[in-house]
Protein chains: 2
Amino acid sequence: MTAPEVPGRRQTRQRSAVLALLDELDGFRTAQDLHALLRERGDAVGLATVYRALQALVDDGLVDVLRGSDGEAAYRRCSPVHHHHLVCRSCGRTVEVADPPVERWATRVAAEHGFADVQHQLEVFGTCSSCTAAG
Amino acid sequence: MTAPEVPGRRQTRQRSAVLALLDELDGFRTAQDLHALLRERGDAVGLATVYRALQALVDDGLVDVLRGSDGEAAYRRCSPVHHHHLVCRSCGRTVEVADPPVERWATRVAAEHGFADVQHQLEVFGTCSSCTAAG
DNA sequence: CGTGTTCATGAGAATCATTCTCGCATAAGC
DNA sequence: GCTTATGCGAGAATGATTCTCATGAACACG
């Protein structure tokens, strides 16, 4: 389906498998999860390769990373435009949200304190309606 | 200086040392850093104890945690009111900033998507004026 | 369509932050 | 002072991530 040709990046079975898997999945998944899933479906890929593929995808802007409170990295296939996430802390379901006001606010506050080259990172966590219902 | 008596929490030399050190320091420091600093100044404290102390301080709301891009946790003595950080990515200097608009925005967006129990995490990174000048 | 160069892969070892274990010390309450 | 739960320390254990290095495969070129 998606065949993103990034210059200087070779197209291998393993890399496609990782990206294809991420395409199917909804929320953020850890590298270990993805590795286990690939292995389950018989499409065996080395763990180190999963890490390498994910890093490449992140570098190319095709995937977003999120660090959980335990420090474990979670990955998700994302749209390339700037956005933030609304993540269900129970089922991991994710909604992408844009936030023009926050962008402006961050830039302004940073400028007021003499900071240049500003980046920001924002995630919103909550419990989605299904999980609230499920109790 | 600060002698925060938290009920159910014993006051020991080690715990005071960790908190005192954090009081002196400006930016975010990793547990390993803090441990090394304590050891340098002769005030030896076990590494495991530093971790335990920091966790307790975080639980008591006296210290904030931040996860770097490498997943390593960094700690900083902070004011107990809700706030976010403006962090210099070069020297680590930190400014606490409040952000009523973002609070409201996060809550509203979450509600629109049916999410309850909302929390958010926001950090702004940049290069502070001194570091920009120093090139 | 071969073929060589270069980059990717995989298995396992290595690294490194963090947590656990467990016997000993000590703060707090009486 | 005495008791007792709690904290401490050293080192082992855990677990995610990265490195190593020999093998394999993609791509450019003829």
Side-chain angles (χ1 to χ4, degrees), chain A residues 2-22 28-60 62-76 92, chain B residues 3-22 27-60 62-76 92:
Chain A
T2 36
E5 309 243 346
V6 179
R9 197 78 79 188
R10 270 183 202 180
Q11 185 173 345
T12 67
R13 175 183 66 79
Q14 293 86 342
R15 226 159 259 199
S16 311
V18 170
L19 189 55
L21 180 55
L22 280 170
F28 280 87
R29 304 292 168 131
T30 69
Q32 308 273 345
D33 271 354
L34 295 170
H35 176 242
L37 285 172
L38 286 172
R39 177 153 289 201
E40 267 179 31
R41 66 173 59 178
D43 197 348
V45 175
L47 179 55
T49 302
V50 172
Y51 278 102
R52 276 185 294 235
L54 287 171
Q55 243 164 20
L57 290 169
V58 170
D59 288 348
D60 297 343
L62 298 170
V63 163
D64 279 0
V65 205
L66 203 57
R67 294 257 170 200
S69 50
D70 56 351
E72 200 175 351
Y75 302 84
R76 180 176 193 269
Chain B
E5 310 241 347
V6 179
R9 198 75 81 188
R10 274 190 198 176
Q11 185 173 344
T12 68
R13 174 181 68 80
Q14 293 86 342
R15 227 158 258 198
S16 310
V18 170
L19 189 55
L21 180 55
L22 280 170
F28 280 86
R29 306 292 168 129
T30 68
Q32 307 273 347
D33 272 355
L34 295 170
H35 176 242
L37 285 173
L38 286 172
R39 178 155 288 202
E40 268 179 31
R41 65 172 58 178
D43 198 348
V45 175
L47 179 57
T49 301
V50 173
Y51 277 102
R52 275 186 294 235
L54 287 171
Q55 245 166 18
L57 290 168
V58 170
D59 287 347
D60 297 343
L62 299 169
V63 163
D64 279 0
V65 204
L66 203 56
R67 294 255 169 203
S69 50
D70 55 351
E72 199 175 351
Y75 301 85
R76 180 176 192 269

Is it the case that the side chain of [X] and the backbone of [Y] share a donor-acceptor pair, with hydrogens and angles ignored and the cut-off at 3.5 Å?
{"X": "B/His35", "Y": "B/Val45", "result": "yes"}
{"X": "A/Arg67", "Y": "B/Ser69", "result": "yes"}
{"X": "A/Asp60", "Y": "A/Leu62", "result": "no"}

In whole Å, I'd like the distance from the [atom1] atom of [X] to the [atom2] atom of [N].
{"X": "A/Leu54", "N": "C/dT9", "atom1": "CG", "atom2": "P", "result": "11 Å"}
{"X": "B/Leu47", "N": "D/dA12", "atom1": "CG", "atom2": "P", "result": "14 Å"}
{"X": "A/Asp33", "N": "D/dT17", "atom1": "CG", "atom2": "P", "result": "11 Å"}
{"X": "B/Arg52", "N": "D/dC8", "atom1": "CZ", "atom2": "C1'", "result": "6 Å"}
{"X": "A/Leu34", "N": "D/dT17", "atom1": "CG", "atom2": "C1'", "result": "14 Å"}
{"X": "A/Glu72", "N": "D/dG15", "atom1": "CD", "atom2": "C1'", "result": "9 Å"}
{"X": "A/Asp70", "N": "C/dA17", "atom1": "CG", "atom2": "C1'", "result": "12 Å"}
{"X": "B/Gln11", "N": "D/dT6", "atom1": "CD", "atom2": "P", "result": "17 Å"}

Closest-nucleotide 5' rank along DNA chain C - winner of A/Ala53 and B/Ala31: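 The answer here is A/Ala53.
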Closest-nucleotide ordering on DNA chain C, the 5'-leading residue of B/Thr30 and B/Arg9: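 Looking at the nearest nucleotide for each, B/Thr30 comes out on the 5' side.
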Residue pair A/Thr49 / A/Arg15, side-chain heavy-atom distance below 4.5 Å: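 In short, these two side chains do not touch, never coming nearer than 4.5 Å.
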Shortest non-hydrogen contact from B/Ala73 toward B/Val65: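 Heavy-atom minimum between the residues: CB-CG1, 4.0 Å.
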Taking OP1 and OP2 of [N], is either one under 4.0 Å from a side-chain nitrogen or oxygen of [X]?
{"X": "A/Thr49", "N": "C/dG10", "value": "yes"}
{"X": "B/Thr12", "N": "D/dC8", "value": "yes"}
{"X": "B/Gln55", "N": "C/dT19", "value": "yes"}
{"X": "B/Arg15", "N": "D/dC8", "value": "yes"}

Donor-acceptor pair under 3.5 Å, A/Arg10 side chain vs C/dC7 base: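 Flag set: donor-acceptor pair detected.
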Of the listed nucleotides D/dG9, C/dA17, C/dG10, the one nearest the side chain of B/Tyr51: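 Closest nucleotide to the B/Tyr51 side chain: C/dA17.
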A/Arg13 vs A/Ala48, nearer the 5' end of DNA chain D by closest nucleotide: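 Counting from the 5' end, the first nearest nucleotide belongs to A/Ala48.
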